[in-house]
Peer 1: 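Below are the structure tokens for one structure; questions will follow.
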Amino acid sequence: MPSALFLYTSSHHGNTRKLVEFVASSLGARAVDLLRSAPPPFGDEELIVLASGVYFQTLSKPLLACIQSNAFAGRRVAILYTCGLPLCDYAKEAAGLLQRQGAIYLGSHGCRGFDSFGPLRYIGGIAKGRPNEADLRSALSFVSGLLRDASHPG
Ligand SMILES: Cc1cc2nc3c(=O)[nH]c(=O)nc-3n(C[C@H](O)[C@H](O)[C@H](O)COP(=O)(O)O)c2cc1C
């Protein structure tokens, strides 16, 4: 199976970390928390997966900054995110930045994540228990599919 590198941030409840740790460890891939470490130099990875929670309708500022300051040209890149309420494709801004950087953007996969931001805390938050087992498996299947495509191009 071709290799993947995961770059992520997760600051609200660790929802995205849970998702990334499950998918990356299932694939034996490296996952780097951009809030703790700089992204490593890219090597021969077949796929780079960027992941974060959704904050004010888009992905985290450190993740967007990472896209703008690294060499994504010609790289196959996909996005994973967790959000309180799935109302639209929250990866749109990140996808635009990736395309401007010359990346080969392969799409996004989002799932719900426990959200107790602002007034939501008064009702105990929403999407409790998410991401759940089914969310983890569905994110794994999204990334595995992209890796399979990488090993059988065309
Ligand atoms: C400051 C803030 C803003 C948020 N804005 C949105 C939003 O616009 N749309 C949404 O669906 N969820 C929103 N959420 C909920 C998070 O996207 C959700 O809880 C996510 O799973 C957090 O991921 P994390 O625990 O990895 O940081 C917001 C949460 C915070 C803390």
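In listed order, ligands and their atoms are each counted from 1.
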Peer 1: For atom 12 (N) of ligand 1, find the nearest protein heavy atom and state the residue, atom name and distance (0.1 Å precision).
Peer 2: Gly84 N, 3.1 Å
Peer 1: If you apply the rule ring pair (Phe, Tyr, Trp, His ring centres under 6.0 Å), what do you find for Tyr90 with Phe56, and how did you get there?
Peer 2: CA-CA 9 Å; Tyr90 294 117; Phe56 308 111; over 10 Å; no
Peer 1: In ligand 1, which numbered atoms sit nearer than 4.0 Å to a non-hydrogen atom of Leu85?
Peer 2: 10 (C), 11 (O)
Peer 1: Suppose I only count heavy atoms of Tyr90 and a 4.0 Å limit; which atoms of ligand 1 are within that range?
Peer 2: 9 (N), 11 (O)
Peer 1: Identify whether the distance between the nearest side-chain nitrogen and carboxylate oxygen of Asp135 and Arg130 falls below 4.0 Å.
Peer 2: yes
Peer 1: For the residue pair Tyr105 and Ile79, establish whether any side-chain heavy-atom pair is separated by less than 4.5 Å.
Peer 2: yes
Peer 1: Any side-chain heavy-atom pair from Ile104 and Val77 closer than 4.5 angstrom?
Peer 2: no
Peer 1: Could you walk me through whether Ile48 and Phe42 pass side chain to side chain contact (heavy atoms under 4.5 Å, CB included), step by step?
Peer 2: CA-CA 9 Å; Ile48 297 175; Phe42 298 153; 3.8 Å; yes
Peer 1: Using a plain distance cutoff, I'd like to know if His12 has any nitrogen or oxygen under 3.5 Å from a nitrogen or oxygen of ligand 1.
Peer 2: yes
Peer 1: Within the structure provided, determine whether Phe22 and Leu140 are in side-chain contact (heavy-atom separation under 4.5 Å).
Peer 2: yes
Peer 1: Distance only, no hydrogens: is a donor on one side chain within 3.5 Å (strictly under) of an acceptor on the other, for Thr16 and Ser52?
Peer 2: no
Peer 1: Is there at least one pair of N or O atoms, one from Phe56 and one from ligand 1, spaced under 3.5 Å apart?
Peer 2: yes
Peer 1: Quick one: do Arg76 and Glu45 make a salt bridge, cutoff under 4.0 Å?
Peer 2: no
Peer 1: Only heavy atoms of Thr82, strictly under 4.0 Å: list the atoms of ligand 1 that pass.
Peer 2: 17 (O), 20 (C), 21 (O), 22 (C), 23 (O)
Peer 1: Considering both backbone and side-chain atoms of Pro86, is one of its nitrogen or oxygen atoms within less than 3.5 Å of a nitrogen or oxygen in ligand 1?
Peer 2: no
Peer 1: Taking N or O atoms only and a 3.5 Å limit, does Gly14 qualify as a polar contact for ligand 1?
Peer 2: yes
Peer 1: Considering only protein heavy atoms, which is closest to atom 25 (O) of ligand 1, and at what distance to one decimal place?
Peer 2: His13 N, 2.7 Å
Peer 1: Do the side chains of Val23 and Phe6 get nearer than 4.5 Å, heavy atoms only?
Peer 2: yes
Peer 1: With no hydrogens and no angle check, do the side chains of Ser10 and Asn15 hold a donor and an acceptor under 3.5 Å apart?
Peer 2: no
Peer 1: Flag Thr9 as yes when one of its N or O atoms lies below 3.5 Å from any N or O atom of ligand 1, and as no otherwise.
Peer 2: no
Peer 1: Name the closest protein heavy atom to atom 8 (O) of ligand 1, giving the residue it belongs to and the distance to 0.1 Å.
Peer 2: Gln57 N, 2.8 Å
Peer 1: Among protein heavy atoms, which lies nearest atom 17 (O) of ligand 1, and at what distance?
Peer 2: Val54 O, 2.5 Å
Peer 1: Please list the nearest protein heavy atom to atom 1 (C) of ligand 1 with its residue and the distance rounded to 0.1 Å.
Peer 2: Phe117 CE1, 3.4 Å
Peer 1: May I ask which of Phe114, Tyr55, Tyr81 has a heavy atom nearer to atom 3 (C) of ligand 1 than the others do?
Peer 2: Tyr55
Peer 1: At less than 4.0 angstrom from any non-hydrogen atom of Gly113, what atoms of ligand 1 do you find?
Peer 2: 18 (C), 19 (O), 21 (O)
